[in-house]
Amino acid sequence: MKYTIKKDPHEDERVQEVIEISGQNIFSCYQYSRCSSGCPMAEFMDLLPNQVFMYLQEGDVDTLLKAKTPWICAACFTCTVRCPGGLDLAAVMEAIRELQLRKNYDYVDPCKVEERDILPPIALVSNFRKFTL
């Protein structure tokens with residue numbers, strides 16, 4: 001059985017970029033999961049809020065860049081209020097959205113949104129504010 005050694009997440013450029021943009025020490029999350037249990041949008045997310053920190057701590061930024069979760073986050077700060085460590089997950093979600101946009105990765109194409117698509121308002125607002133052609 002072969003094991004692959006992952007790059008140290010402390011040295012990963014994209015993890016450091018998320019930390020820099022958000023101003024949060026993602027390595028101080030101890031996975032209490034209070035952010036996920038109180039999140040009003042969790043049922044619509046493909047990754048739970050605490051899993052965002054888990055993937056960042058593991059250095060798996062690719063999974064986060066492909067996820068719907070950062071775009072579904074309503075930035076209601078329930079996660080921040082409930083976190084015993086005082087981490088601001090809403091700032092981390094915004095940092096991930098910013099990273100996606102900086103890398104020319106737009107999850108929602110406003111030109112292709114149809115009336116039947118059910119999207120959280122924050123996804124549309126964030127995208128319309130930052131969408132560039």
Side-chain angles (χ1 to χ4, degrees):
M1 190 178 232
K2 274 190 165 182
Y3 293 99
T4 57
I5 299 172
K6 288 186 176 181
K7 185 178 178 181
D8 182 7
H10 292 280
E11 298 173 3
D12 188 286
E13 182 180 304
R14 295 180 300 173
V15 171
Q16 292 304 318
E17 199 171 354
V18 170
I19 292 170
E20 183 181 324
I21 295 168
S22 69
Q24 300 299 305
N25 179 6
I26 56 110
F27 298 105
S28 64
C29 174
Y30 291 106
Q31 296 294 319
Y32 292 111
S33 300
R34 289 186 179 177
C35 54
S36 296
S37 65
C39 179
M41 300 302 289
E43 67 182 284
F44 305 106
M45 296 178 172
D46 52 352
L47 300 173
L48 292 174
N50 68 298
Q51 290 176 317
V52 170
F53 278 114
M54 183 189 69
Y55 281 110
L56 283 170
Q57 290 171 342
E58 293 176 354
D60 190 359
V61 179
D62 291 328
T63 300
L64 296 174
L65 293 177
K66 295 174 185 171
K68 297 177 184 178
T69 295
W71 295 104
I72 292 175
C73 173
C76 65
F77 298 102
T78 301
C79 52
T80 302
V81 172
R82 294 178 58 93
C83 180
L87 293 170
D88 186 358
L89 181 57
V92 172
M93 294 288 200
E94 176 61 25
I96 294 167
R97 288 192 295 262
E98 186 67 31
L99 188 63
Q100 289 174 327
L101 292 170
R102 285 181 182 181
K103 304 297 182 196
N104 291 325
Y105 177 85
D106 292 319
Y107 182 75
V108 179
D109 183 356
C111 300
K112 295 181 181 176
V113 173
E114 296 180 16
E115 191 174 316
R116 63 182 164 84
D117 292 333
I118 298 173
L119 298 169
I122 190 67
L124 295 173
V125 171
S126 293
N127 203 315
F128 284 127
R129 280 187 192 153
K130 300 173 185 175
F131 184 71
T132 57
L133 296 175

Separation between CZ of F53 and OG of S28, rounded to the nearest 0.5 Å: 7.0 Å
Please tell me whether I21 and F27 are part of a single hydrophobic cluster in this structure, the criterion being side-chain heavy atoms less than 4.5 Å apart. no
How about R34: does its CZ atom have over 12 heavy atoms from other parts shown lying under 6.0 Å from it? no
Could you list who else is in Y30's hydrophobic cluster, with ILVMFWY side chains joined at under 4.5 Å, directly or through other members? Y32
Heavy-atom check, side chain of L64 versus side chain of D60, under 4.5 Å: no
Nearest heavy-atom neighbours spanning A90 and A75: CB-CA, 4.2 Å
Do T63 and L47 have side chains that get closer than 4.5 Å, going by heavy atoms? yes
Answer yes if M41 and V81 sit in the same cluster of Ile, Leu, Val, Met, Phe, Trp and Tyr residues linked by side chain heavy atoms under 4.5 Å apart, and no otherwise. no
Could you tell me which non-hydrogen atom of Q57 sits nearest to which non-hydrogen atom of C29, and how far apart they are? NE2-O, 2.9 Å
Taking the side chain as everything from C-beta on, heavy atoms only, tell me whether M45 gets closer than 4.5 Å to S36. no
Residues pairing under side chain to side chain donor-acceptor pair (under 3.5 Å) where one sits in residues 17-27, two or more places apart or in two chains, turn out to be E17-R102
Go through it in stages, so that I can follow the logic: the residues are F77 and D88, the test is side chain to side chain contact (heavy atoms under 4.5 Å, CB included), and I'd like the CA-CA distance, side-chain angles, deciding distance and then a yes or no. CA-CA 8 Å; F77 298 102; D88 186 358; 3.8 Å; yes
Are L99 and V61 packed together at the side-chain level, in the sense that at least one heavy-atom pair is separated by less than 4.5 angstrom? yes
Working to the nearest 0.5 angstrom, can you tell me the gap between D46 CG and I72 CD1? 6.5 Å
How close do M93 and P49 get, heavy atom to heavy atom, and via which atoms? CE-CA, 4.4 Å
Do you know the tightest heavy-atom contact between V15 and G59? CG2-CA, 3.9 Å
When every non-hydrogen atom of T80 is compared with those of L89, the smallest separation belongs to OG1-N, 3.7 Å
Quick one: pull up CZ in R82 and CG in L87 and give me the separation to the nearest 0.5 Å. 14.5 Å
Minimal heavy-atom distance between R14 and D62, with the atoms involved, is NH1-OD1, 2.7 Å
Is L48 reachable from V52 through a run of I, L, V, M, F, W or Y residues, each pair having side-chain heavy atoms under 4.5 Å apart? no
